[in-house]
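Encoded as structure tokens, the structure appears first; notes follow it.
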Amino acid sequence: MKIHEYQARNLFKKYGIPVPDGVVCHSIEDVREKIPNDDKLRVIKAQVHVGGRGKAGGVKLARTREEAIEKAGQILGMDIKGLTVEKVLVAEAVDIEKEFYVGLINDRNSKSVTLMASAEGGVDIEEVAKTSPEKIIKLSIDPTLGLMDWQARKIALQLMNDPAQIRQAASILSKLYKLYIETDASLAEINPLVLTPDKRVLAIDGKMNFDDNALFRQSEVLAMREVTPDEQKEIDASEKGLSYIKLNGNIGCMVNGAGLAMATMDMIKLYGGEPANFLDIGGSSNPQKVIDAMNILLSDTSVKAVMINIFGGITRCDDVARGLVAALKSIHTDMPIVVRLSGTNSREGLEIIKEFGLPTVSTMSEAAKKAIQLSKRKV
Amino acid sequence: MKIHEYQARNLFKKYGIPVPDGVVCHSIEDVREKIPNDDKLRVIKAQVHVGGRGKAGGVKLARTREEAIEKAGQILGMDIKGLTVEKVLVAEAVDIEKEFYVGLINDRNSKSVTLMASAEGGVDIEEVAKTSPEKIIKLSIDPTLGLMDWQARKIALQLMNDPAQIRQAASILSKLYKLYIETDASLAEINPLVLTPDKRVLAIDGKMNFDDNALFRQSEVLAMREVTPDEQKEIDASEKGLSYIKLNGNIGCMVNGAGLAMATMDMIKLYGGEPANFLDIGGSSNPQKVIDAMNILLSDTSVKAVMINIFGGITRCDDVARGLVAALKSIHTDMPIVVRLSGTNSREGLEIIKEFGLPTVSTMSEAAKKAIQLSKRKV
Amino acid sequence: MSILINKDTKVIVQGITGRDGAFHTSKMKDYGTNIVGGISPGKGGSDVGGIPVFNTVGEAVKATNAEASVIFVPAPFAADAILEASFAGVGLVICITEGIPVQDMIKVTPILKQNGTKLIGANCPGLITPGECLIGILPSMIFTPGNIGFISRSGTLTYEVVNMLTEAGLGQTTCVGIGGDPVSGLYYRDLLEMFENDPATEAVVLIGEIGGDAEEQAAQYIKVHMKKPVVAFIAGQSAPAGKRMGHAGAIISSGSGTAEEKIKAFTAAGVPVAKEPGEIPGLVKQKLGL
Amino acid sequence: MSILINKDTKVIVQGITGRDGAFHTSKMKDYGTNIVGGISPGKGGSDVGGIPVFNTVGEAVKATNAEASVIFVPAPFAADAILEASFAGVGLVICITEGIPVQDMIKVTPILKQNGTKLIGANCPGLITPGECLIGILPSMIFTPGNIGFISRSGTLTYEVVNMLTEAGLGQTTCVGIGGDPVSGLYYRDLLEMFENDPATEAVVLIGEIGGDAEEQAAQYIKVHMKKPVVAFIAGQSAPAGKRMGHAGAIISSGSGTAEEKIKAFTAAGVPVAKEPGEIPGLVKQKLGL
């Protein structure tokens, strides 16, 4: 789960990580009300769940209150990669002496939370990682001991020189780790972390993601959830026991199991088609799940054909086929559908589907080819 | 640092440990205002920093509001072991099916936090520990892993039978451990933890102590501090860099170092005297410390003689002697004082004291004997 | 021969009285798995279909000398169940539960290492030595004894491929579903080593997925240490790259994790990578000279 | 010979730029202690009275091969300083700092064990091998080389007794102040073992205090393992029993911790217990047949 920059800022503040003053505004009126009439330099930042907002014109400087209102007006309502900007963060712009990068992530390779830091912070950090990986400090944190103060200090010492700044930076790292662990985050970044000419260390921009599996014990995090329409579809699906991710193709897929679903998409692509989605219906023959899944696929107007790919394991194919038929009977659609069943009692299952009148095949490659062929027929 | 039962209850509630309903009252008017007019059975409990309040009459049952007011009136203002009762806890009395004991303590022997539990809870728990130690379950908790849920459950399983009760009890143990760690406690007890006939598990009485060394990072705990006059004296002393504990004898002791201070008290006792206090002035020749220490000793009216026992280490005895003399010159008292100096440059030091006109000795035993002798002269 | 489990392996079930636990316990027992006990706190002393129930894993191990435990407890309690098994001295823990918070698994990892516990999963279908022992939720009927070792991150894709192998006459020594969670127990590398040392295994099929570098590490291991042939397949070749985790995700993966990289690593290690699952049996036969 | 430290021991000082750290560093150096460096984050590269300063213990160890570290950092940061030294591979850490929260020391304990680090203190005066090496804040002038091993929980009482020994012609191999905190590093038992194995030590003086069972454990160890004579003194015989910690305190100590119990334990182990400190030199001479 993602949150906005201003929400990450709020968490930072709660954990004692210093950030520049700022307010979130939902409208021009809001800006007018919240921003005093002074000539402080401010930065107006679009709050959207997508990267690259700077290049898209979603971040602007303002020298006066009037300018802040004007710039906020330009950004609010703006479309950034398909998302409408509904909020802006209006924050005090600070003088920057040096920019750093600091990040925490769940690292599957080291099976630990890994801290990364670099004295070369800012927008080009990924470029730095590619061209000068030695400039990225990495520390795999022992989960039972946590980030020890001397470790945080050791990293701060590689970023800064002055003892007082080192203390500030080390303390920010410790607090960020505490925040990360206590909120079940999967990513926490400060980029840039800056040093100001008056020797303060501040978090200028923050980004946090959270582990969906842990939301059951993170009600405060969950309360910050804000979803795009596509994400809403995924969440609705997940509440029905379905795992759904929308993609850009035109062949709808309905598969049991994530690995098989991925392999199915690969197969479609291999034979020249484009999958419209990832959709895992899990392991049961419950007709309701098939109905729900079918409704999701049909609501995507780009879908031109549907490929159903089921492997019968403990649930036998004939049971799955009966469930499919029951479900398809209740849905009235002229969408071309191809069904592939494999595994336990697949022969009996395919017979049941064939009787119902749908095209059936017994291998994944045939199914993919057939679905692509059907998608071309439909205009 | 100690807190009252009602304060421990508040912490329990904050951490989700269930307690019976209750309010703390400072006066009869308070009881009148806070207790509704029903005929719920209530228990009125004196809130004092001392054990054995039950036997002293500080705990009474009340069947009605009127009775609660009456009983609270009896307890408020009562003297329990020298302390005046200024608050009572008026709590709902619950039916009890079974009583358990649960406690956490910093165990210096295992160098860990140790959890103790017993199915034989209640006032006689210490007797149980003595006569049937096998009835006390003990678990030394690994500090890096904390109390794992399965461990809490394993202990709960030895106290209760029903899966729902086991879950409740295990959860209480986990929460108590969390509270203990997060507040830097040195003791946390629930006694009794009870099972009610309607199968709830409740903390009826709670006791918590905290590590004085950790109060710098426990502002919430510190805010609960309430001190008896004797404790206030100890705290005042500690703010002056002195470690002071009042005792019941009549020979005031002023010593540098805790071990030496204890040995000094032992010596006084060995020769038939009674030390009036433990007083460690730490290691420096600063006259102000001696003045402060002397003022504390003189404010104790039972002190009949003072024994000053200083070992000169890095700070040499002649420097210490000059400090002592400077201090004693500024204090006008006819209190008999014996000074013993030992260690580096002790000869020179004793010479300085002798010149000032105080009796000096060079061994601890002589000093103790002399102080006892002097104490008997003073009426 | 086989790896990790065989017909003598004594197995206990954590969460035996739950819906899934009870259902799959009976399936495992039917298959012939030596289920010696189950755990359900507060229900110790009872039994589930003739299998004795204990209050704690410790009691169960004491009474039965269980060597393996399979976990069906809900996600919020699963990591603790893994620890309970580990501290009770169970050498092999199979965690079926899906949806366990990543931090829980991160916390568990070094403790298991310290205790010498092997973990399979979480979020995995379990493992099977066909004809001898099944631990988990695998559909037993598609497996058959033979000389192929099998490792996969996914569930139904495993079944799909195993089914093809079985239909092609390629039976299995042991099939292991290692689970698809970001942080899990045994990885490919660990299992490849076991298969390399298992006299009965003559070739290994490895089913990978995008994300992480477990496949790259496996390829490296194969290149340096393995004499037995390995055939691989990587799922997710068509998955969009878009779902990355901030800058940190890009930095830490630094290019690895894509299907392309994994296929490159395997190819460099002399491991043929199937374009689609259907090719796998043929590639295995080719490698075995059949 | 001696235990733990000698003239070659390379010592670093954590908190060397603080008031106490700087003062005692110069005292130690004057005594002849081989101080090879100090630590002060952000001041690396500078020096304190000719001693090079490093930013981290790791850097200091790398540059100097330090084997021991003495800690003068304030209480809130002291436990972390101990850990830093331990993870940098320092084998012996002496923590002078007083007032460290007990939970911090409890957390540190198993980590030190795992890393194989020996800790003296916290809240201790340090240790000395007279004529060779002083680490801590002990007043050097009262010590003299000889054949007595010395262990004590307290500070000035140590000085008092050592002074008596020195005046009685009983020099010391090594004197160790183990510190008076409830949870600390090396206990009597550990040091008794070292003295028993040290050829130069012919007798040991042990100064105990009320509280805990370290003295009882020491008595048990002496009874079973020690051939060398030990003389003991217990401070706090007159301390009131009143300051107990709830029921839990009573249950966990279950009678031990009092001066009475400790004296009983030593007596049962054949260890003479002095009634007052002044008796100690005489008892030692008696045991040594002097």
Side-chain angles (χ1 to χ4, degrees), chain A residues 15-16 97-98 100 102 110-115 117-119 134-135 137-178 181-182 193-201, chain D residues 12 14-18 21 38-46 48 53-63 66 69 71-90 93 95 97 100-101 103-115 117 119:
Chain A
Y15 278 80
E97 196 168 290
K98 202 160 167 16
F100 307 92
V102 163
S110 66
K111 301 189 186 184
S112 69
V113 176
T114 293
L115 171 61
S118 178
E134 76 285 355
K135 287 186 178 161
I137 309 160
K138 283 185 197 176
L139 173 71
S140 176
I141 299 168
D142 182 322
T144 51
L145 304 180
L147 178 65
M148 291 173 274
D149 288 346
W150 64 270
Q151 294 179 309
R153 198 164 53 236
K154 192 176 161 186
I155 286 171
L157 275 159
Q158 293 171 74
L159 303 180
M160 301 177 189
N161 298 313
D162 177 75
Q165 291 159 25
I166 289 163
R167 262 197 302 278
Q168 286 180 69
S171 154
I172 288 173
L173 291 177
S174 297
K175 286 163 177 166
L176 190 67
Y177 179 74
K178 187 166 192 274
I181 294 298
E182 290 185 352
L193 177 76
V194 306
L195 179 63
T196 65
D198 57 341
K199 306 300 171 203
R200 287 179 303 151
V201 182
Chain D
I12 50 174
Q14 287 176 262
I16 194 168
T17 56
I39 287 90
S40 185
K43 295 183 188 158
S46 65
V48 169
V53 174
F54 300 91
N55 280 324
T56 67
V57 180
E59 287 170 25
V61 168
K62 212 170 167 186
S69 180
I71 294 177
F72 287 98
V73 311
F77 317 111
D80 181 64
I82 295 172
L83 289 178
E84 181 176 5
S86 173
F87 279 99
V90 176
V93 176
C95 187
T97 311
I100 303 176
Q103 298 295 352
D104 287 6
M105 293 309 295
I106 287 178
K107 252 179 241 151
V108 156
T109 301
I111 304 171
L112 297 184
K113 197 179 167 190
Q114 207 173 301
N115 291 356
T117 311
L119 172 69

Between chain D and chain A, going by a 3.5 Å limit, which atoms form donor-acceptor pairs, if any?
{"residue": "D:D80", "atom": "OD1", "partner": "A:D149", "partner atom": "N", "Å": "3.1"}
{"residue": "D:D80", "atom": "OD1", "partner": "A:W150", "partner atom": "N", "Å": "3.0"}
{"residue": "D:D80", "atom": "OD2", "partner": "A:W150", "partner atom": "N", "Å": "3.0"}
{"residue": "D:E84", "atom": "OE1", "partner": "A:R153", "partner atom": "NH2", "Å": "2.9"}

- Can you tell which of D:V57, D:I111, D:L83 has the highest number of heavy-atom pairs within less than 4.5 Å of chain A?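 Winner by heavy-atom pair count: D:L83.
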- Item | Residues in ring pair (Phe, Tyr, Trp, His ring centres under 6.0 Å) contact with D:F54, at least two apart in sequence or another chain |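 Partners of D:F54 under the ring pair (Phe, Tyr, Trp, His ring centres under 6.0 Å) test: none.
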- Item | Non-neighbouring partners of D:P74 that pass side chain to side chain contact (heavy atoms under 4.5 Å, CB included), sequence neighbours left out |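 D:P76, D:F77.
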